[in-house]
Amino acid sequence: MLKVLVVDDSPVMRSMVARSLQLSGVDVASVHQAGNGQEALEILHAEWIDIMLCDVNMPTMNGLELVERMAAKGSGTRVPVVMISSLRDPACQARLKQLGVSSYLEKPFRPEALGRAIERALGLAEAR
Amino acid sequence: MSPLEPELLSDVTASVLQDCAFLILDPAPTPDSWPPDTVCSGIPFTGPLEGCLTLLAPSNALPMIASDMLGVFPEDFAAKVHGEAALRELSNVVVGVLLARLGKEGAACQIGLPTISHAPELSIRSGHQSCTASFVDGEGQVFGVEVTFTNRF
């Protein structure tokens, strides 16, 4: 069962992602929530997280900055990440791929697509 | 001339609102002015295309929108306090889908953070290029979307 961290500045989106998790068929033990990258780093430091579902556009520290900080600390390779965003910028997606994030889900998404993105991210993590 | 056709703006907006918030809206003529209880979420975008998308909804529709997105009852506390957050998130999704439909230029754009304002005026300004679409729901409440480009075309 997975311990999940959902990172999004929108409380509505965090709830929607949590609901989609329930509907996706993924076996979830707990869901932690963070409103920006800084809060996410604090949770990652304090808790064991199996997978992070993260928005790109956020105030204080956005999703790309968060993943860069995780990679710089060396913890990025431990926590698989699924980026969830309305942004379709190829340059941003390419940069995320360089940082080891290959699972990118565009909004709006269906629960089954979230389930597949999580499986992909976990599968890639195991392959590493 | 704006790179955006009103039909595309209308189709994308209606589709997103239906998928994300279960809102069934019919196209409607753009009013001369938006009702005074209208709440709007403006979200800027920059890059090959620059401008702002504004999504407009009646204030008393926000709890219903939030309740559908959160999976709670409209009278629940969460629906009442997160109405504006729900509108902000919808504007975020609309602009992302719309820019992707505008080809490589749109897909390469950066999207900013949405902000809420109230009682808007139609923003057709000289030197700017705008595209507007309006909708009504089953109760006759007016919703709208407006995109203003600040690039020169």
Side-chain angles (χ1 to χ4, degrees), chain A residues 6-24 28 31 33-39 53-66 82-97 104-114 117, chain B residues 12-13 15-22 41 43-49 53 55 62-63 65-72 76-79 81-116:
Chain A
V6 177
V7 190
D8 198 304
D9 58 315
S10 167
V12 171
M13 198 61 212
R14 292 198 300 269
S15 289
M16 288 180 72
V17 171
R19 281 178 67 205
S20 291
L21 270 172
Q22 290 177 338
L23 296 170
S24 70
V28 175
V31 179
Q33 297 189 16
N36 58 59
Q38 187 59 50
E39 289 179 15
L53 312 178
C54 184
D55 187 18
V56 174
N57 265 5
M58 295 181 288
T60 306
M61 184 189 295
N62 66 34
L64 182 55
E65 290 166 345
L66 168 61
V82 176
M83 300 306 286
I84 302 176
S85 181
S86 59
L87 200 61
R88 267 90 163 150
D89 181 13
C92 178
Q93 295 187 28
R95 177 61 184 141
L96 286 165
K97 204 167 182 178
Y104 194 102
L105 196 56
E106 294 171 351
K107 296 176 185 176
F109 59 89
R110 297 198 182 282
E112 48 269 29
L114 177 61
Chain B
V12 166
T13 304
S15 173
V16 168
L17 294 183
Q18 181 171 341
D19 286 347
C20 295
F22 307 105
S41 174
I43 183 164
F45 51 89
T46 57
L49 301 172
L53 178 139
L55 185 63
L62 297 188
I65 292 171
S67 74
D68 284 334
M69 293 175 76
L70 293 169
V72 301
D76 283 5
F77 180 74
V81 300
H82 289 315
E84 291 184 355
L87 190 66
R88 284 200 302 269
E89 184 58 32
L90 286 174
S91 67
N92 182 36
V93 179
V94 171
V95 78
V97 174
L98 186 67
L99 289 172
R101 294 283 296 270
L102 294 179
K104 282 185 184 176
E105 281 188 323
C109 288
Q110 298 295 310
I111 300 171
L113 295 172
T115 53
I116 291 288

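Values below: every heavy atom of this structure, side chains too, minus hydrogens, waters and symmetry copies. Numbers restart at 1 for each chain; the letters A, B, ... are given by sequence-line order, proteins then strands.
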When only pairs under 4.5 Å are counted, which of [options] shares the most heavy-atom pairs with chain A?
options: L70(B), V16(B), V97(B); answer: L70(B)
options: D19(B), L113(B), V95(B); answer: L113(B)
options: G71(B), P114(B), A100(B); answer: G71(B)

Under 4.5 Å from a heavy atom of chain A, the part of [X] involved:
X: A85(B); result: both
X: V72(B); result: neither
X: C20(B); result: both

What's the shortest heavy-atom distance between [X] and [Y], and which atoms?
X: A117(A); Y: V82(A); answer: O-CG2, 3.6 Å
X: G35(A); Y: M58(A); answer: O-SD, 4.1 Å
X: L53(B); Y: F45(B); answer: N-CE2, 3.9 Å
X: G112(B); Y: N57(A); answer: O-ND2, 3.4 Å
X: C109(B); Y: L49(B); answer: SG-O, 3.4 Å
X: V12(B); Y: V94(B); answer: CG1-O, 4.1 Å

Beyond-backbone contact of D55(A) with V7(A), side-chain heavy atoms, under 4.5 angstrom: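 Counting from C-beta outward, D55(A) and V7(A) never come under 4.5 Å.
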Quick one, L114(A) and L53(A) - any side-chain contact, counting heavy atoms below 4.5 Å?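 In short, these two side chains touch, coming nearer than 4.5 Å.
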[X] [atom1] to [Y] [atom2] distance, which is reported to the nearest 0.5 Å:
X: S91(B); Y: I116(B); atom1: OG; atom2: CD1; value: 7.0 Å
X: T13(B); Y: L98(B); atom1: OG1; atom2: CG; value: 6.5 Å
X: T60(A); Y: E39(A); atom1: OG1; atom2: CD; value: 8.0 Å
X: L55(B); Y: L87(B); atom1: CG; atom2: CG; value: 5.0 Å

Between D8(A) and K107(A), does at least one N-O distance fall below 4.0 Å, as a salt bridge requires?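 The answer is yes: the pair qualifies as a salt bridge.
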If contact means a heavy atom pair closer than 4.5 Å, which residues of residues 86-93 of chain A contact chain B?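 Answer by number: S86(A), L87(A), R88(A), D89(A), P90(A).
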Residues of residues 14-24 of chain A near chain B, each having a heavy atom less than 4.5 Å away: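 The list, in residue order, reads S15(A), M16(A), R19(A).
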Segment of N62(A) engaging chain B (4.5 angstrom heavy-atom cut-off):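 Contact with chain B involves no heavy atom of N62(A) at all.
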